Amino acid sequence: MELVSKKRYRTDLSDAEWKLVQPLLPSPGRGGRPPRYSRREVLNAILYITRSGCAWRLLPNDFPYWKTVFHYFRLLRRAGLFAHINAVLRARLRQHMGRHPEASAGIVDSQSVKTTGRGGVAG
C-alpha cells in the first residue's frame with residue numbers, strides 16, 4: 001500500500017522536477033517484498049526535512065514513517081546520490097544557459113581579520 005500525501009507541501013517535487021530526478025535514482029532491487037512507499041514520496045519527505053530543519057521524529061504524518069525516510073536518506077547519502085544529482089543538475093543548468101557544463105574557474109572568498117600589532121598568544 002502506497003501512502004499518498006494528502007497535503008501538498010512547498011518542498012514537494014513538481015512533476016517537471018520529478019521527471020528530471022527520477023532517472024538519477026537507483027532502480028528498486030529485484031526480489032524481496034515490494035516497496036511500501038513510492039520513491040517520490042520518500043524523496044519529498046527528505047526534502048521537507050532538509051528545508052524545514054525539523055527533527056526526523058517530527059515529520060508530518062502525510063509522509064512515510066520517519067524511520068523509513070531516515071533509512072533511505074542514509075542509504076542514498078552513503079551512495080553519494082545527492083552529490084551526483086547536484087552535479088548532474090548543475091551541468092544541465094549550465095548547458096541550458098549556454099555555458100560549458102563544468103566551470104573553468106573558481107573563486108575562493110576569505111575574510112581578513114585584524115589582530116593586535118604584536119604577535120604572540122592571545123586570550
Side-chain angles (χ1 to χ4, degrees):
M1 172 191 231
E2 184 178 315
L3 181 69
V4 178
S5 182
K6 294 178 177 81
K7 182 176 181 183
R8 185 122 163 94
Y9 293 92
R10 298 181 95 186
T11 55
D12 286 356
L13 292 168
S14 68
D15 290 339
E17 291 167 336
W18 175 244
K19 209 171 177 181
L20 288 172
V21 173
Q22 185 180 16
L24 303 175
L25 296 174
S27 57
R30 297 187 180 256
R33 71 179 171 212
R36 185 171 180 189
Y37 305 106
S38 73
R39 295 182 299 161
R40 183 175 184 173
E41 209 48 42
V42 170
L43 194 55
N44 280 338
I46 292 171
L47 291 172
Y48 180 86
I49 289 281
T50 56
R51 181 67 176 117
S52 70
C54 78
W56 288 100
R57 292 174 188 255
L58 298 178
L59 188 65
N61 292 331
D62 295 343
F63 292 113
Y65 186 54
W66 74 268
K67 284 186 178 183
T68 303
V69 175
F70 184 67
H71 169 74
Y72 281 105
F73 171 76
R74 285 176 47 112
L75 288 176
L76 297 175
R77 185 191 60 181
R78 285 183 179 172
L81 182 75
F82 298 117
H84 175 68
I85 289 173
N86 187 49
V88 169
L89 294 179
R90 182 187 62 241
R92 285 185 187 173
L93 177 63
R94 289 181 60 85
Q95 284 180 322
H96 179 73
M97 294 169 61
R99 301 167 81 181
H100 192 273
E102 295 297 322
S104 59
I107 298 173
V108 177
D109 187 17
S110 65
Q111 178 178 335
S112 298
V113 179
K114 295 200 183 261
T115 60
T116 61
R118 53 191 152 129
V121 179

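For this chain, numbers begin at 1 and follow the sequence in order. All values below were derived from every heavy atom in this structure, side-chain atoms included, with hydrogens, water molecules and symmetry-related copies excluded. Owing to the predicted nature of the structure, the values given are computational and were not obtained by experimental measurement.
Under the 4.5 Å side-chain criterion, counting only non-hydrogen atoms from C-beta, Pro26 is in contact with Leu76. Between Arg36 and Glu41 the shortest side-chain heavy-atom distance does not fall below 4.5 Å. Counting heavy atoms from C-beta on, the side chains of Arg8 and Ser14 come closer than 4.5 Å. Inter-residue side-chain proximity for Tyr72 and Pro64 is flagged as unmet; no heavy-atom pair is nearer than 4.5 Å. Between Ile49 and Leu59, the closest side-chain pair of non-hydrogen atoms falls below 4.5 Å.
Here Arg40 pairs with Asp15 in a salt bridge; the nearest charged N to carboxylate O distance falls below 4.0 Å.
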* Let me see the working for Thr11 and Asn44 under side-chain contact (heavy atoms from CB on, under 4.5 Å), right down to the final yes or no. => CA-CA 7 Å; Thr11 55; Asn44 280 338; over 6 Å; no
* Any chance you could lay out the side-chain contact (heavy atoms from CB on, under 4.5 Å) test for Arg90 and Glu102, step after step, and finish with the verdict? => CA-CA 9 Å; Arg90 182 187 62 241; Glu102 295 297 322; 4.2 Å; yes
* To do: For ring pair (Phe, Tyr, Trp, His ring centres under 6.0 Å), just list the numbers for Tyr37 and Tyr65, CA-CA rounded to whole Å, side-chain angles, deciding distance to a tenth of an Å, and then say yes or no.
  => CA-CA 10 Å; Tyr37 305 106; Tyr65 186 54; 8.9 Å; no
* Asked: Are Phe63 and Asp12 close enough, and set up right, to give a side-chain contact (heavy atoms from CB on, under 4.5 Å), and what steps lead you there?
  -> CA-CA 11 Å; Phe63 292 113; Asp12 286 356; 3.9 Å; yes
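Separating the OG1 atom in Thr68 from the CH2 atom in Trp66 is a distance of 9.5 Å, to the nearest 0.5 Å. A distance of 12.5 Å separates OH of Tyr48 from CZ of Arg10, quoted to the nearest 0.5 Å. Of the inter-residue distances, the one linking Arg92 atom CZ with Gln95 atom CD reads 9.0 Å to the nearest 0.5 angstrom. The CG atom of Leu13 sits 14.0 Å away from atom NZ of Lys19, with the distance rounded to the nearest 0.5 Å.
Under the 30°/60° scheme for interplanar angles, the aromatic rings of Phe73 and Trp56 are found to be tilted.
No path of Ile, Leu, Val, Met, Phe, Trp and Tyr side chains, each step under 4.5 Å between heavy atoms, connects Val88 with Leu93, placing them in separate hydrophobic clusters. Grouping the Ile, Leu, Val, Met, Phe, Trp and Tyr side chains by contacts below 4.5 angstrom, directly or via other members, places Leu43 with Leu89.
Between the side chain of Arg94 and the backbone N or O of His100 there is at least one donor-acceptor pair closer than 3.5 Å.
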